[in-house]
Amino acid sequence: MERTAIHVSSEEMARQRAAMAEIRDLPQRPESYHVVTYGCQMNAHDSEKLAGMLEEMGMRPAPTREEADFVIFNTCCVRDNAERRALGNVTWLKEVRKTRPNLMIAVCGCMIQEPGMAEKILKQYRFIDLAFGTANLHRFPELMLEALNSRAGLVRVTGEDVIAEDLPVRRVRQDAAYLTIMYGCDNFCSFCIVPYVRGRERSREPSDILREAEALQKSGVQEIMLLGQNVNSYGKGLAQPVSFAGLLRELDGMGIPRIRFMTSHPKDLSDDLIEAMAGSRHILPQFHLPVQSGNDEILRRMNRHYTRDQYLDRVAALRRAVPGIGLSTDIIVSFPGETEAQFEDTLSLVEQVRYDSAFTFIYSPRTGTRAAAMEGQIPEEVSKERIQRLIALQEGLQQETLRRFVGQEEEVLVEGLSRRSDRAVSGKGRHGVSVTLPGTASDTGTIVRCRITKVKNNTLMGERLEQS
Ligand code: SF4
């Protein structure tokens, strides 16, 4: 197939494969690796690619970072605390190296792409052997080879917004897999650093996605999670544009038991997508629809391009088409200038929608974003008080909302033994809610039918039903 310029060339990918082979034969290469991941599912999947490449280089995974010869931190910069944690852990490893001089340390991911971070790394973290941003992920083998040969503290940030196909992947789970369908984001929400560090939106070719999905199906996965910063706008810029709804219909036809996706932007949630979900057999009845705020003025200043009413209209449309759908969201409190009344609009929206779960955050200013320069940054004590009220409200509502499942049948993809008992297992039901039910470790990776008996601490408890 004719490739557009955003795809990494086959020559470049061949160079990376050659670098991996060369590293495998190097006498002084590390024997073992450990990847430390911060942030979202995109980062988790990038870490699976890093692990895949490291194994092609001949390294084996070490269970802890203390035991590894090579430790790589895959960082996130969406919130300030993720960044501080990553840098704190990197610095701690510097101490470990005093007793293990051959330990190699690398840092990659979104944080490295931040403006000014490369200079900071060069100046303050000189002990780091290798640092590179998300734009250079596919070039990791070449950079690693260079680092092994020179040990000069390499920092690479610049790179095109590209799509690299066929990177090796070492999946964390065998029963469930991430499948990236697009990269980057064009939305520039005023609080968000992602478009600056992950680049502009670019969609993978449907044929590449379907090919990967087919390989995953053959390998026996029960569930795929389609990934993108804004999957609803998938397809922009493709030579033969395909909508996300169209892609979902194709994937649904393949017969993989469960298909999920993340993340969606409310402004791009089309009726066609809702119809595709309603008419599907394998797309799970769950939707993560970040609202961020329940107040129109705050939404406008966040550059979200929808109003409270438009958001509620999308929620109603989803619930009409897919009755009982599991809904979750992201909410930011204390966006600059947020008044008490505006915050209360968020509380009232949460009360109105009744989410199955909500990820709540205090606004965290990110240098380079428009909101960071806005007036009216909210004092910490006000933010803490607001988030506690929001969490308390959501937790109370969640208990009630989840009660709709009691007495219902649910299918659970078992992730493993429950943390509380070795005679119980837990996993996610079709609606995206965690379920605990009787079982043993041998259930891991299988889909088990159960009936929900009660709600306990925001999880569902189930009893097993005969398998059909
Ligand atoms: S849609 Fe907004 S919040 Fe989501 S990644 Fe893009 S800019 Fe960030």
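First listed ligand is number 1; within each ligand, the first listed atom is number 1.
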* **Inter- and intrachain pairs under side-chain hydrogen bond (donor to acceptor under 3.5 Å, both in side chains), touching residues 105-125, at least two apart** => none
* Asked: F132: what forms a ring pair (Phe, Tyr, Trp, His ring centres under 6.0 Å) with it, not counting sequence neighbours?
  -> F140
* Taking the six-membered ring for Trp and the single ring otherwise, decide whether the centroids of H265 and Y306 are under 6.0 Å apart. => yes
* Would you check, one step at a time, whether the test side-chain contact (heavy atoms from CB on, under 4.5 Å) holds for M182 with R204? => CA-CA 6 Å; M182 62 187 298; R204 289 179 71 195; over 6 Å; no
* Asked: Excluding sequence neighbours, so at least two apart, what forms side chain to side chain donor-acceptor pair (under 3.5 Å) with R419?
  -> none
* Asked: So, F70 versus H34, ring centres under 6.0 angstrom or not?
  -> no
* **Side chain N230, main chain C185, donor-acceptor under 3.5 Å** => no
* To do: Just jot down the ligand 1 atoms closer than 4.0 angstrom to any heavy atom of R304, in number order.
  => 2 (Fe), 3 (S)
* Structure fact -> Result, protein N, O or S atoms below 2.8 Å from atom 8 (Fe) of ligand 1, excl. waters, equals 1
* Asked: Taking the non-hydrogen atoms of Q292, is any one of them nearer than 4.0 angstrom to ligand 1?
  -> no
* **Under 4.0 Å to a heavy atom of H265 - the qualifying atoms of ligand 1, by number** => 1 (S)
